[in-house]
Amino acid sequence: MEITLPTDCGNAPRIAIVSDFVVAWAAGDIDAMSPWIADDVSWSIIGAQTHHGPDAAEAVVPELSPVRIDIASVITHGRLASCDGFLDDGTTRISFSHAFRFSNTTKTGRVAEVRTYVIESQVD
């Protein structure tokens, strides 16, 4: 899979955590996501469903096998983070935006809430 990540100053460790988490989400790699997910996580796909608990990630990973993921930006501040970009499998593109709330402000804080916005379109 081709992965494009934003360049940053490297001073915010949570930027790398969010980037890795979103790449794992795009790839459907639940094992890579699990250590970061709080037991009582709430994950909403806006306009669809909200999933709760440690199995929420399995319900929200994309159904396609991406050949490319492009993360345009990652912004973090305290317990909050956001990330947007797109992934595609050569024919279908999923543009996404995730808004995260972590359980605390430490770099070991787990993902407590995610609000995900997705738009599916055809690759030109």
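The analysis underlying the following values was restricted to heavy atoms, covering all of them including side chains, and did not include hydrogens, waters or symmetry mates.
Between Val41 and Val111, the shortest heavy-atom distance links the atoms CG2-O, 3.5 Å. A pairwise comparison of heavy atoms in Phe100 and Cys83 identifies CE1-CB, 4.3 Å as the closest pair. Scanning all heavy atoms of the two residues, the minimum distance from Val23 to Ile3 falls at CG1-CD1, 3.7 Å. Between Ala26 and Pro66, the shortest heavy-atom distance links the atoms O-CG, 3.2 Å. For Val60 against Trp25, the heavy-atom pair with the smallest separation is O-NE1, 3.0 Å. Residue Met1 comes nearest to Ala27 through the heavy atom pair CE-CB, 3.7 Å, listed as atom of the first residue, atom of the second, then distance.
With 3.5 Å as the limit, one finds no donor-acceptor pair spanning the side chains of Thr50 and Trp43. Between the side chains of Thr91 and Asp89, at least one donor N or O lies within less than 3.5 Å of an accepting N or O.
In Ile119, the CD1 atom is not crowded: 12 or fewer heavy atoms of neighbouring residues, nucleotides or ligands sit closer than 6.0 Å.
Both Val61 and Leu87 belong to a common hydrophobic cluster when Ile, Leu, Val, Met, Phe, Trp and Tyr are linked at side-chain heavy-atom distances under 4.5 angstrom. Linking ILVMFWY residues whenever their side-chain heavy atoms come closer than 4.5 Å, directly or via other members, places Leu5 and Met33 in the same cluster. No continuous path of ILVMFWY side-chain contacts below 4.5 Å connects Ile94 to Phe86, so the two sit in separate hydrophobic clusters. Grouping the Ile, Leu, Val, Met, Phe, Trp and Tyr side chains by contacts below 4.5 angstrom, directly or via other members, places Ile45 with Phe21.
If you take CD1 on Ile15 and CG on Asp20, they are separated by 12.0 Å, rounding to the nearest 0.5 Å. If you take CZ on Arg101 and CG on Leu80, they are separated by 8.5 Å, rounding to the nearest 0.5 Å. A distance of 10.5 Å separates CG of Asp88 from CD of Gln122, quoted to the nearest 0.5 Å. Note that the CZ atom of Arg115 and the OG atom of Ser82 stand 9.5 Å from one another [nearest 0.5 Å]. Rounding to the nearest 0.5 angstrom, the gap separating the NE2 atom in His98 from the CD1 atom in Ile46 is 11.5 Å. Atom CZ in Arg93 sits 11.5 Å away from atom CG in Leu64 (nearest 0.5 Å).
A donor-acceptor distance shorter than 3.5 angstrom exists from the side chain of Arg79 to the backbone of Ser103, with no hydrogens or angles considered. Judged by distance alone, the side chain of Arg14 and the main-chain N or O of Thr106 form a donor-acceptor pair under 3.5 Å.
Side-chain contact check for Ser44 versus Val114: every heavy-atom pair is 4.5 Å or farther apart.
For the pair Arg110 and Phe102, the cation-pi test (distance below 6.0 Å, angle within 45°) is failed.
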Checklist entry - Is there a side-chain contact (heavy atoms from CB on, under 4.5 Å) between Glu2 and Val67 once you walk through the steps? => result CA-CA 6 Å; Glu2 177 186 337; Val67 296; over 6 Å; no

